[in-house]
*Asks:* 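Can you keep this structure in mind? I'll have questions shortly.
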Amino acid sequence: SANVNLMDLIYWKDTERSGMVLTGLVVGLLSLFQLSIITVVSTVSLAIMCFTISVRIYYQLLYILSWGDGEHPFKSYLDLDISFSGEQADLYMQKLIVMTLSAVDTLKRLFFVGNLFESLKFLFLMYLQLFFLFVHSLIFNEQVDGIIAKIQAHIDNVKDILQRLVQGGGPPPDPTPGGAKPKTQ
């Protein structure tokens, strides 16, 4: 049954669920492409903590003002029993092993061309992914170059200001030869 659920996701039998899984994978991979796993996990954790603490303070404030019942907003999650017996642990491990072996078997059939059409689809998706990564890296490099140029301009500006301060703080030197003012029309 785990193999059937995985195949339903891969073949888009339930488009809404497959779309959510694909979107999550793409967002996760793009995040990891730009940032380290520690950065992604810590940022997501920070966002969750900011939300939950804000909601908890809001509910506490409502209780202080006698507009709420004082019930903890996440009580149902705190009371949730996540422990399981040894039999359940064995069952989950068996499911994990079956899913892993199923994924390895599917990859084996794709790489060693068990079905030509499926392998060609997989090859096309890999090339498409490489293309998108290449385009993304080009755009990212252009953005970084623009940022570096702006930073360099600011550094040059600061150097100019510091140099003028060292020389007595006067206005910038006149760029025209002999101090002649250009004619204005």
*Asks:* Is there a path of hydrophobic side-chain contacts, each under 4.5 Å between heavy atoms of I, L, V, M, F, W or Y residues, that connects Phe51 with Tyr77?
*Replies:* yes

*Asks:* What do the steps show when you test Leu120 against Phe124 for side chain to side chain contact (heavy atoms under 4.5 Å, CB included), and what is the final call?
*Replies:* CA-CA 6 Å; Leu120 288 174; Phe124 174 74; over 6 Å; no

*Asks:* So, for Gly114 and Ser119, which heavy atoms are closest and what is the spacing to 0.1 Å?
*Replies:*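 Reported closest heavy-atom pair: N-OG, 4.3 Å.
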
*Asks:* Please round to the nearest 0.5 Å and tell me the distance separating atom OG of Ser102 and atom NZ of Lys95.
*Replies:*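 The OG atom of Ser102 sits 14.0 Å away from the NZ atom of Lys95.
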
*Asks:* What distance separates Tyr92 OH from Ile97 CD1, expressed to the nearest 0.5 Å?
*Replies:*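 If we round to the nearest 0.5 Å, Tyr92:OH and Ile97:CD1 are 15.0 Å apart.
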
*Asks:* Assigning hydrophobic clusters by single linkage (Ile, Leu, Val, Met, Phe, Trp, Tyr; side-chain heavy-atom cutoff under 4.5 Å), is Met93 placed with Met99?
*Replies:* no

*Asks:* How many angstroms lie between atom CD1 of Ile48 and atom CD1 of Ile53, to the nearest 0.5 angstrom?
*Replies:*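 Ile48 CD1 to Ile53 CD1: 11.5 Å, rounded to 0.5 Å.
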
*Asks:* Membership question, hydrophobic clusters at under 4.5 Å side-chain separation (ILVMFWY): are Val98 and Leu91 in the same one?
*Replies:*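 The answer is no; the residues belong to distinct hydrophobic clusters.
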
*Asks:* Quick one: list whatever passes ring pair (Phe, Tyr, Trp, His ring centres under 6.0 Å) with Phe74, sequence neighbours left out.
*Replies:*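 By the ring pair (Phe, Tyr, Trp, His ring centres under 6.0 Å) rule, Phe74 matches no residue at all.
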
*Asks:* Main chain of Ser85, side chain of Gln88: is a donor-acceptor contact present, judged purely on distance under 3.5 Å?
*Replies:* yes

*Asks:* At what distance, to the nearest 0.5 angstrom, does CG of Leu62 lie from CD1 of Ile57?
*Replies:* 12.0 Å

*Asks:* Pairs in or reaching into residues 13-29: which pass side-chain hydrogen bond (donor to acceptor under 3.5 Å, both in side chains), with residues at least two apart or in two chains?
*Replies:* none

*Asks:* Mind checking whether Leu61 and Trp67 have side chains closer than 4.5 Å, heavy atoms only?
*Replies:*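 Contact flag for Leu61/Trp67 side chains = no.
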
*Asks:* Measure the NE2-CG distance between His72 and Leu78 for me, rounded to the nearest 0.5 Å.
*Replies:*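 It is 5.0 Å, given to the nearest 0.5 Å.
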
*Asks:* For residues 149-156, which side-chain donor-acceptor pairs fall under 3.5 Å, sequence neighbours excluded?
*Replies:*
residue, atom, partner, partner atom, Å
Gln152, NE2, Asp156, OD1, 3.2

*Asks:* At what distance, to the nearest 0.5 angstrom, does CG of Leu25 lie from CE of Met20?
*Replies:* 12.0 Å

*Asks:* Side chains of Glu118 and Leu110: does their closest heavy-atom pair fall under 4.5 Å?
*Replies:*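 Glu118 vs Leu110: side chains touch.
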
*Asks:* Is there a side-chain contact between Phe111 and Leu107, using heavy atoms and a 4.5 Å cut-off?
*Replies:* yes

*Asks:* With a 6.0 Å cut-off (strictly less than), is the heavy-atom count around OH of Tyr59, excluding the residue itself, greater than 12?
*Replies:* no

*Asks:* If I compare all heavy atoms of Lys121 with all of Tyr11, which pair ends up nearest, and what's the gap?
*Replies:* NZ-CE2, 4.2 Å

